[in-house]
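Hydrogens, waters and symmetry mates play no part in the numbers below; they use all other heavy atoms, side chains included.
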Amino acid sequence: MGVLDVCSPGVVTGEKLYALLKYAQEKKFAIPSVNCTSSSTINAALECARDVKSPIMIQFSNGGGAFYAGKGLSNEGQKASILGSVAGALHVRAMAEHYGVPVVLHSDHCAKKLLPWLDGMLEADEKYFKEHGEPLFSSHMIDLSEEDLDENIEMCIKYLERMDKINCVLEMELGITGGEEDGVNNEDVAMEKLYSQPEEVDRVYTALSKVSKNFTIAASFGNVHGVYKPGNVKLSPAFLGKHQAFIKEKHSTEDDLPALLVFHGGSGSTKAEILEAIGHGVIKMNIDTDTQWAYWAGIKDFYKSKEAYLQAQIGNPDGEDKPNKKYYDPRVWMRKAEQSFVKRLAEAFEDLNCSNVN
């Protein structure tokens, strides 16, 4: 049995998405959730998932959505972020089935000030649901971790009630992920805020379970965004095991891993720490910083190897009248970026035990 016995190629939503996440938890793998900013990065992510025979999550951040729409478009009222995220989602829906892999369509960190962005995407979800019987996106993340926990939970309940009507999954965050990403800077946050407590996680689980089972929890255990050397980040995956044990005992569940947990800020994590987190029920890990570098590295390496052919439209070592179009054509150097992106992302699939699971 594999993933394709649980769900079909294409965008996965609703009951099939829940089944996929629980299957990942049972089989001890986590699905890479890749931040994409363009059709090029989406296609590269889909290509990699196809090649390694695995499901994938494709997600858009607020800034990534705005970039997809075009930096020349105003983002007043979150207009560009909404339009770009929706456009990216429609692109994924047009292509995913043809790559032959299950895809979870997700939106990344939505802080309180960015809630109009989420509202806009949910309006698109609701419209799509009326026409197709499922939401446009598979899931959305609300990140109110900087707010009071009571407010965080109250707001998440409100959104989960809305999302459950269209079979859309909610991801919530408590505790704070350190470092910096997409304009959110937590580099100077107090250390104790980087580690969620079992009682806090249970409060979330208890409250949201009364609404729906369709939610995941990003509980912090020392995670950081950004670029860090492996071993320099003080992760404590054992906290995740304590959360699960606390919830299991309090709610008398038969499931040893009752909560669907997600892993943010994987930069600097060792393979052992990642595997330990997966063993405690992590079913998703965000991938962004390393694939950004890989995309650039593909261009950088191509430029260095063909530098003499990339100084003018005409004229190179082969002759003063020789054209260079076959080197500066964006389809050439962007493809090099995609190939480098694919190669690095394949390593993430391996790290997460998520290769050859279809």
Side-chain angles (χ1 to χ4, degrees), residues 2-3 12 20-21 23-25 27-38 40-61 64 92 96 99-106 108-109 138-139 141 171 177 179 181-182 216 218 221 223-233 235 237 240 261-298 337-358:
V3 165
V12 184
L20 170 61
L21 300 182
Y23 179 79
Q25 200 176 55
K27 297 300 181 181
K28 307 297 184 188
F29 67 85
I31 305 171
S33 194
V34 186
N35 278 77
C36 292
T37 56
S38 64
S40 175
T41 51
I42 289 172
N43 293 344
L46 291 172
E47 178 183 350
C48 184
R50 180 200 65 196
D51 291 350
V52 300
K53 299 180 175 61
S54 299
I56 190 170
M57 294 190 182
I58 290 178
Q59 65 185 21
F60 304 100
S61 67
V92 172
Y99 278 87
V101 294
V103 180
V104 180
L105 254 176
H106 186 62
D108 202 8
H109 295 265
S138 309
S139 53
M141 181 195 179
E171 177 185 330
T177 301
E181 181 184 48
D182 204 40
T216 62
F221 54 103
N223 328 49
V224 293
H225 290 136
V227 184
Y228 298 87
K229 182 179 179 181
N232 284 356
V233 177
L235 281 178
L240 303 180
L261 301 177
V262 302
F263 187 162
H264 288 186
S267 299
S269 307
T270 65
K271 179 71 177 291
E273 288 169 334
I274 292 172
L275 292 178
E276 183 180 355
I278 292 172
H280 293 312
V282 164
I283 45 78
K284 166 204 173 192
M285 188 169 92
N286 287 10
I287 309 292
D288 188 18
T289 303
D290 292 338
T291 46
Q292 285 181 348
W293 173 256
Y295 196 89
W296 160 247
E338 291 171 356
Q339 289 171 331
S340 182
F341 184 105
V342 168
K343 182 179 179 181
R344 176 60 185 88
L345 183 54
E347 295 177 18
F349 276 95
E350 286 289 335
D351 290 343
L352 298 177
N353 278 346
C354 197
S355 291
N356 296 305
V357 297
N358 283 352

For the atom pair [atom1] ([X]) and [atom2] ([Y]), what is the distance rounded to the nearest 0.5 Å?
| X | Y | atom1 | atom2 | value |
| --- | --- | --- | --- | --- |
| L261 | E171 | CG | CD | 10.5 Å |
| D290 | D351 | CG | CG | 9.5 Å |
| S355 | E347 | OG | CD | 10.5 Å |
| I56 | Y99 | CD1 | OH | 11.0 Å |
| K271 | N353 | NZ | CG | 6.5 Å |
| H109 | S61 | NE2 | OG | 9.5 Å |

Is there side-chain contact between [X] and [Y], with at least one heavy-atom pair below 4.5 Å?
| X | Y | answer |
| --- | --- | --- |
| N35 | T291 | no |
| T37 | Y295 | no |
| F349 | I287 | no |

L46 vs I58, test: side-chain contact (heavy atoms from CB on, under 4.5 Å). Steps then yes/no. CA-CA 9 Å; L46 291 172; I58 290 178; 3.8 Å; yes

Is it the case that the side chain of [X] and the backbone of [Y] share a donor-acceptor pair, with hydrogens and angles ignored and the cut-off at 3.5 Å?
| X | Y | answer |
| --- | --- | --- |
| S138 | V12 | yes |
| S54 | A49 | no |
| Q25 | I283 | no |
| S33 | N286 | no |

Could you walk me through whether K27 and V357 pass the side-chain contact (heavy atoms from CB on, under 4.5 Å) check? CA-CA 9 Å; K27 297 300 181 181; V357 297; over 6 Å; no

Evaluation steps, side-chain contact (heavy atoms from CB on, under 4.5 Å), between H264 and K284: CA-CA 8 Å; H264 288 186; K284 166 204 173 192; 4.0 Å; yes

Apply ring pair (Phe, Tyr, Trp, His ring centres under 6.0 Å) to F221 and F263, showing your working. CA-CA 9 Å; F221 54 103; F263 187 162; 4.9 Å; yes

Could you check whether Q292 and D288, counting side-chain N and O atoms only, form a donor-acceptor pair closer than 3.5 Å? yes

